[in-house]
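Down below is the structure, laid out as structure tokens.
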Amino acid sequence: MSTWKENVQVRDLDARDKLEMTCKSCGHVHYLTRAAICSSPEREFLYLDEVEKEAACRARGCRGAVRLAMAPRGDTSAFVGGLA
């Protein structure tokens with residue numbers, strides 16, 4: 001069974017999209033953008049599961065494995081509703 005990370009390449013991301021990288025060991029969170037990943041032109045063809053496998057925690061001294069998720073964009077709003 002494939003996941004969304006195996007179906008999306010870096011080049012499919014919009015310039016405004018951010019990837020949230022959460023450390024599985026210490027919980028540190030940092031964000032990546034398409035521009036940060038594409039340090040060389042061939043990296044835009046990486047699938048997001050490959051980006052996740054090669055990434056490591058940026059917290060001082062940790063270097064643990066990370067979990068990748070799409071960060072919500074700023075233009076989203078919370079659901080507002082009520083009972084009648």
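Numbers here simply count residues along the sequence, with the first being 1. Since the structure is predicted, the reported quantities are computational estimates derived from the model, not experimental observations.
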CA sep, side-chain torsions, deciding dist, call: Val51, Val10, side-chain contact (heavy atoms from CB on, under 4.5 Å): CA-CA 9 Å; Val51 173; Val10 174; 3.9 Å; yes
Cys38/Glu44 under side-chain contact (heavy atoms from CB on, under 4.5 Å): CA gap, chis, key distance, verdict: CA-CA 6 Å; Cys38 294; Glu44 71 180 288; 3.7 Å; yes
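For the pair Glu6/Thr3, a side-chain contact is recorded, criterion being any heavy-atom separation below 4.5 Å from C-beta on. Taking the side chain as every heavy atom from C-beta outward, Arg11 and Arg34 approach each other to under 4.5 Å. Contact check for Leu13 versus Met70: side-chain heavy atoms found under the 4.5 Å cut-off.
Qualifying side-chain hydrogen bond (donor to acceptor under 3.5 Å, both in side chains) partners for Lys5, counting only residues two or more places apart in sequence or in other chains: Glu52. Legend: residues meeting side-chain hydrogen bond (donor to acceptor under 3.5 Å, both in side chains) with Arg43, ordered by chain and number and at least two apart, are Glu54.
How far OG1 of Thr33 is from CG of Asp17: 10.0 Å, rounded to the nearest 0.5 Å. Between atom CZ of residue Phe45 and atom CG of residue Asp12 there is a gap of 10.5 Å, rounded to the nearest 0.5 Å. Atom CE of Met21 is separated from atom CZ of Arg58 by 8.0 Å, given to the nearest 0.5 angstrom. The distance from the CG atom of Leu48 to the CG atom of Leu19 is 5.5 Å, given to the nearest 0.5 Å. The line from CG of Asp49 to CD of Gln9 is 10.5 Å long, rounded to the nearest 0.5 Å. Between the CD atom of Glu20 and the OH atom of Tyr31 there is a distance of 4.0 Å, given to the nearest 0.5 Å.
Here the closest non-hydrogen pair linking Cys23 and Cys26 is SG-N, 3.3 Å. When all heavy atoms are compared, the tightest approach of Val66 to Cys57 is CG1-N, 3.7 Å. Across Leu68 and Trp4, no two heavy atoms sit closer than the pair CD2-CH2, 3.6 Å. Taking both residues in full, the closest heavy atoms of His30 and Ala56 are given as CE1-O, 3.8 Å, listed atom of the first, atom of the second, then distance. What you find for Gly64 and Ser25 is that their closest heavy atoms are CA-OG, 4.1 Å.
No continuous path of ILVMFWY side-chain contacts below 4.5 Å connects Val29 to Leu32, so the two sit in separate hydrophobic clusters.
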